[in-house]
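Accompanying notes for the structure given below.
So you know, we letter chains A, B, ... as the sequences are listed, proteins then strands, and number each from 1. None of these values were measured; they are calculated from a predicted model.
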Amino acid sequence: MADGPCELRITRRYEASPAEVWEALTELDRWLAPPQGVTVTHAETERRLELDWRPEGEPRSTVTVELRVEAGRTVLVLEHAQIDATLGMRYVAAWSRALDRFEVS
Amino acid sequence: MNALAALADPTRRRIVELLAERELSAGEVASQFAAARPGVSRHLRVLREQGLVRVRSDGRQRLYSLDPRPLADLDAWLTHYRAFWQNRLDALEIEIHRQRRKR
């Protein structure tokens with residue numbers, strides 16, 4: 001599980017086939033109950049699902065879910081990234097140092 | 001202009017990098033650039049207006065530093081959604097098992 005500066009990434013392994021995971025994944029209301037402002041923008045069967053994630057009052061973001069097979073299990077990698085923060089990513093390191101000082105002072 | 005547009009200017013980005021190292025007076029910031037002092041002061045004002053930079057007075061001079069709140073907001077967002085997705089992916093696993101039992 002490795003995060004970038006403006007996104008999070010979670011990896012899960014399921015004892016199930018990609019078809020089984022995909023079937024459950026695409027029943028969004030059953031496991032995700034997506035808030036208002038969330039739409040599916042891309043779906044590649046048993047491979048990739050993309051969501052435009054724009055609940056009111058939150059920064060715009062995108063969620064991507066990718067499936068692959070590894071040692072007989074399905075690996076699911078979910079990434080949730082802020083769109084608008086991409087331009088400022090180079091400066092997150094600068095903010096991070098400032099935040100460290102803020103917490104100390 | 002929003003915070004990210006404020007960072008679109010290369011001089012402002014350089015000012016942010018300088019202030020990431022330590023607090024500086026306006027004069028110390030300006031000395032890093034060939035540009036005239038009023039230009040640097042204008043950039044500092046834009047960065048303050050966008051909440052990226054803050055200023056305090058130590059009696060003798062005004063000292064500029066980065067405002068860490070934008071990153072704190074990002075950290076809060078990441079913390080919230082990390083927990084949210086762990087919970088939702090647990091629910092997905094339950095849904096996979098539920099599906100399997102239906103077969």
Requested in this report: Following the transitive rule for hydrophobic clusters with a side-chain heavy-atom cut-off under 4.5 Å over Ile, Leu, Val, Met, Phe, Trp and Tyr, establish whether B:Phe84 and A:Leu51 coincide in one cluster.
Outcome: yes
Query raised in the report: Do other residues, nucleotides or ligands put more than 12 heavy atoms under 6.0 Å from A:Arg47 CZ?
Result: no
Query raised in the report: Just checking heavy atoms, which of residues 73-81 of chain A are less than 4.5 Å from chain B?
Result: A:Leu76, A:Leu78, A:His80, A:Ala81
Query raised in the report: Tell me, side chain or backbone of B:Gln99 under 4.5 Å from chain A's heavy atoms, or both, or neither?
Result: side chain
**Report entry** Reported CD1-to-CD distance for the pair B:Ile96 and A:Glu20, which is rounded to 0.5 angstrom
**Finding:** 7.5 Å
Query raised in the report: Do B:Tyr81 and A:Gln82 get their side chains close enough for a donor-acceptor pair, meaning under 3.5 Å?
Result: no
Query raised in the report: Aromatic ring centroids of B:Trp85 and A:Trp53 under 6.0 Å?
Result: yes
Query - Intermediate values then yes/no, side chain to side chain contact (heavy atoms under 4.5 Å, CB included), B:Leu89 and A:Tyr14 - result: CA-CA 10 Å; B:Leu89 292 175; A:Tyr14 295 101; 3.6 Å; yes
Query - A:Glu70, CD: over 12 other non-hydrogen atoms inside 6.0 angstrom - result: yes
Query raised in the report: How would you list, by chain and number, every residue that makes a side-chain contact (heavy atoms from CB on, under 4.5 Å) with A:Glu66, sequence neighbours excluded?
Result: A:Arg48
Query raised in the report: Are A:Val38 and A:Val40 connected in a single hydrophobic cluster, I mean Ile/Leu/Val/Met/Phe/Trp/Tyr linked by side-chain heavy atoms less than 4.5 Å apart?
Result: yes
Requested in this report: Using a cut-off of under 4.5 Å on heavy-atom pairs, state which of B:Asn87, B:Leu92, B:Asp90 scores highest against chain A.
Outcome: B:Leu92
Query - Heavy-atom contact with chain B under 4.5 Å, split by part of A:Val63 - result: side chain
Query raised in the report: Under a 4.5 Å heavy-atom cut-off, does chain A meet the side chain of B:Asp73, its backbone, both or neither?
Result: neither
Query raised in the report: From B:Glu93 CD over to A:Glu15 CD, what is the distance, rounded to the nearest 0.5 angstrom?
Result: 9.0 Å
**Report entry** Gap separating the CD1 atom of A:Ile10 from the CZ atom of B:Arg88, nearest 0.5 angstrom
**Finding:** 12.0 Å
Query raised in the report: Can you tell me if A:Arg12 uses its side chain to pair, donor with acceptor, with the backbone of B:Gln86 under 3.5 Å?
Result: yes
Report task. Scan residues 21-37 of chain A for pairs that pass side chain to side chain donor-acceptor pair (under 3.5 Å), counting only residues two or more places apart or in two chains. Result -> A:Glu23-B:Arg103
Query raised in the report: Who else is in the cluster with B:Leu63 when I, L, V, M, F, W and Y are joined by side-chain contacts under 4.5 Å?
Result: none
